[in-house]
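Every chain is numbered from 1 and lettered A, B, ... according to where its sequence line falls, protein lines coming before strand lines.
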Amino acid sequence: MDPASILLGGFASGMVLFIVSVGLSVTMGLMGFVNLAHGGFAMLGGYVIVLAMKHWGLSFVPALALAFFAIAAFSVVLERLLYSRLYRAQELDQVLFTIGLVFVMTAAVTLGVGPETQVIRLPDWLRGQTDLGFMTYRTYSLALIVAGTLLVIALWLGFERTRYGARIRAAVDNRRMAQSLGIDVGRLFTVAFALGSGLAAVGGGLGAEILGLDPNYPLRYLVYFLIVVAVGGLGKVTGVFFAAILIGVLDFVLKIYFPKGGTIFIYALTLILLLARPHGLFGKRGT
Amino acid sequence: MDAPHTAAGQLARRHRFQWWELLPWIAAIAAFFAFPTYLAFGTQLLIVILFALSLDLVLGYAGIVTLGHAAFFGAGAYTVGMLASQLGWNEPLSGLLAAAAVAGLIGFVSGLVLLRTHGLTLLMLTLCTMALLEQAANMGAHWTGGFDGIPGLSFDKILGLFSFDVLYFRSQYLYVLAVLLLCFVAVRMLVYSSFGQSLTGVRENLLRMHAVGAPVRARLVAVYTISAALAGVAGGLFTQATGYVNLSVLGLERAAGVMIILILGGYGRLYGAFVGAVAYMVLEHMLAKAYPTAWQLGIGVTLILVALYARNGIIGIGEALLRRLRGGGQA
């Protein structure tokens with residue numbers, strides 16, 4: 001493969017990693033909540049899309065929108081009913097709770113839909129190859145790159161240029177100070193949580209082509225999502241973006257050149273990186 | 001003999017053996033005679049207890065949140081497996097010592113490097129260490145058998161007397177029980193020693209421990225090494241008892257599983273590992289038998305309920321009930 005195709009393929013999978021992980025980064029940065037069930041929302045989103053397309057005859061893009069709103073709403077219910085009780089709990093109880101949630105989601109999907117891998121049928125205009133002038137490449141990967149780029153720009157503007165984004169950044173940096181200034185961090189968190197889960201759902205659907213979609217999805221990719229968040233830095237949208245692209249490209253290259261056990265380099269790199277910069281590439285310095 | 005102060009007296013007495021501490025061991029021996037067809041399961045249960053006990057040292061007592069403890073279990077398991085398959089070193093007890101030494105060494109080296117961090121960073125670093133070992137075992141197929149592992153291992157008689165019982169696991173069960181007892185006594189002594197007390201101090205108030213001049217990092221590295229060695233022994237026992245080793249000993253599922261077991265039972269308590277392992281594995285076993293496709297649902301709901309309503313695990317529920325009974329009697 002020539003370098004340009006490798007780069008494009010890596011960018012496409014990096015975009016998927018970004019769309020799924022960005023919510024996790026913000027919610028972990030805001031509340032310090034260890035949410036190991038985040039990949040579960042991505043998986044559920046993928047299944048919403050599959051079922052909506054199969055049974056209701058929805059086409060791909062409306063199904064994506066449906067998944068976003070359905071999972072965002074569902075996550076708010078979970079957040080208000082269950083997550084909110086554990087904000088002041090020990091990290092370990094949060095881990096136990098979210099792993100339990102993953103088990104329930106996995107079992108529910110296995111029982112309701114079945115254990116087999118699901119395929120999302122792409123619309124015709126997303127299939128095949130596109131001529132870029134200097135080369136042709138898979139249309140879907142190019143669409144992923146465009147969609148991911150637009151999303152990161154939108155999120156960046158939302159974070160850096162709106163009052164709401166400023167509040168979130170303030171709360172990530174210093175929750176108590178933000179609260180004393182009258183920012184309702186709880187409400188902020190609920191909204192961020194819903195948005196993040198909805199995006200994860202979209203990412204689950206968009207990425208089914210690359211990551212697959214089956215009941216073991218949340219646990220299988222948990223480590224990848226966590227690596228992206230830890231390398232990018234908590235609560236940093238641009239950090240998560242660059243980390244996701246980095247990991248995506250690296251993973252793509254390694255899968256081609258070292259199909260057996262190439263991921264060892266990703267783990268080693270993460271290890272070295274986190275030892276050198278415990279708060280990630282773009283996280284805050286200091287304690 | 002009595003301390004002048006009641007509180008001091010209680011503190012001085014609390015390391016003494018209580019009568020009820022014999023109960024788990026009596027139950028284990030009773031189970032040996034009561035369920036002769038379940039001894040393979042019982043052996044696995046005892047191995048998991050030892051593994052969870054080793055995790056309790058770092059997670060419960062020293063407050064080191066790790067998601068990669070299976071690294072040491074796997075290191076021990078592969079040490080025993082590779083010694084047997086490559087060098088023909090089939091003697092079980094020295095095999096366990098080798099497993100403890102290798103796992104302890106890995107624990108010491110990684111602890112030196114990793115224990116400067118905490119929170120998410122530490123979680124990720126332990127996870128990556130484990131994943132590195134897993135991938136190394138996957139790639140070094142010449143020594144480790146790669147994805148398929150090393151099957152069909154056989155070991156010499158234990159102490160030259162008892163041969164491994166492939167069919168009924170009788171000698172394995174007793175052998176593992178004996179090793180567990182030895183390790184448990186060691187852990188119990190460690191926890192109640194001044195070393196163990198200083199670990200609790202680090203967990204509860206890191207700043208103050210630094211302020212009083214306690215060698216915090218050295219203590220953490222020491223307990224991490226000891227715990228790794230114990231996990232290595234558990235892994236070595238796994239290989240010896242089952243006669244095979246494969247990549248499952250190093251995976252995230254095993255690491256998360258033992259963590260769940262410990263939290264379910266109650267961490268930072270000596271018997272949390274016992275209660276958690278019995279509760280989790282029996283529940284899993286029964287659910288998997290009754291609902292082969294949906295057993296995860298029951299486990300998941302249990303974990304959520306425990307996290308929401310029983311923060312200190314099953315032992316915590318028991319303690320709360322006891323307190324209420326006693327408090328109700330006096331007031």
Side-chain angles (χ1 to χ4, degrees), chain A residues 28-29 32 34 36-37 81-83 85-86 89-108 110-111 114-115 215-216 219-220 222-223 226-227 229-231 234 258 260-275 277-280 283 287, chain B residues 59-60 63 65 67 110 113-114 116-141 146-147 251-253 256-257 259-260 262-264 267-268 291 293-313:
Chain A
M28 263 168 121
V34 186
L36 301 184
L81 283 180
L82 301 174
Y83 277 80
R85 294 161 183 256
L86 285 163
Q90 299 262 330
E91 253 172 355
L92 289 177
D93 291 310
Q94 299 173 346
V95 166
L96 192 69
F97 166 73
T98 50
I99 287 189
L101 202 59
V102 170
F103 280 9
V104 170
M105 287 173 173
T106 299
T110 312
L111 281 178
N216 285 321
L219 279 183
R220 178 155 4 103
L222 174 64
V223 180
L226 283 175
I227 285 181
V229 171
V231 169
L234 287 179
F258 305 91
K260 200 169 163 246
T263 42
I264 195 167
F265 295 106
I266 291 189
Y267 298 125
L269 191 75
T270 310
L271 201 74
I272 294 166
L273 219 147
L274 285 182
L275 282 173
R277 300 196 53 132
H279 297 281
T287 54
Chain B
L59 195 114
V65 180
L67 248 183
S110 64
V113 184
L114 304 189
R116 287 179 299 151
T117 61
H118 33 83
L120 175 70
T121 314
L122 179 60
L123 204 75
M124 291 312 299
L125 286 173
T126 53
L127 199 59
C128 283
T129 312
M130 180 176 72
L132 272 181
L133 282 181
E134 187 186 5
Q135 290 301 324
N138 189 14
M139 288 167 85
F147 188 76
L252 175 63
E253 267 175 57
M259 191 170 182
I260 290 170
L262 184 63
I263 304 174
L264 187 66
Y267 52 90
Y291 310 98
T293 49
W295 61 272
Q296 273 191 324
L297 193 65
I299 296 268
V301 171
T302 311
L303 298 184
I304 292 176
L305 288 178
V306 167
L308 286 177
Y309 298 110
R311 294 282 163 79
N312 293 320

Not counting sequence neighbours, which residues clear ring pair (Phe, Tyr, Trp, His ring centres under 6.0 Å) with A:Tyr83? List them please.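 Residues passing ring pair (Phe, Tyr, Trp, His ring centres under 6.0 Å) with A:Tyr83: A:Phe33, A:Phe97, A:Phe193.
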List for me each residue that meets ring pair (Phe, Tyr, Trp, His ring centres under 6.0 Å) alongside B:Phe147, sequence neighbours excluded, and say none if there are none.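 None.
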Under 4.5 Å from a heavy atom of chain B, the part of [X] involved:
X        : value
A:Leu226 : both
A:Met105 : neither
A:Leu234 : side chain
A:Gln90  : side chain

Choice from A:Thr110, A:Thr270, A:Leu101 maximising heavy atom contacts with chain B below 4.5 Å: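 Heavy-atom pair counts peak at A:Leu101.
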Are [X] and [Y] packed together at the side-chain level, in the sense that at least one heavy-atom pair is separated by less than 4.5 angstrom?
X        : Y        : answer
B:Leu120 : A:Val34  : no
A:Val102 : B:Gln296 : no
A:Ile99  : B:Met259 : no

How long is the straight-line distance from CG of B:Leu262 back to CG of A:Leu96, given to the nearest 0.5 Å?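 Spacing of CG (A:Leu96) from CG (B:Leu262) equals 10.0 Å.
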Quick one: does B:Thr117's side chain have a donor or acceptor within less than 3.5 Å of a partner on A:Pro278's backbone?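 No, the answer is negative, given that no donor and acceptor are paired below the 3.5 Å cut-off.
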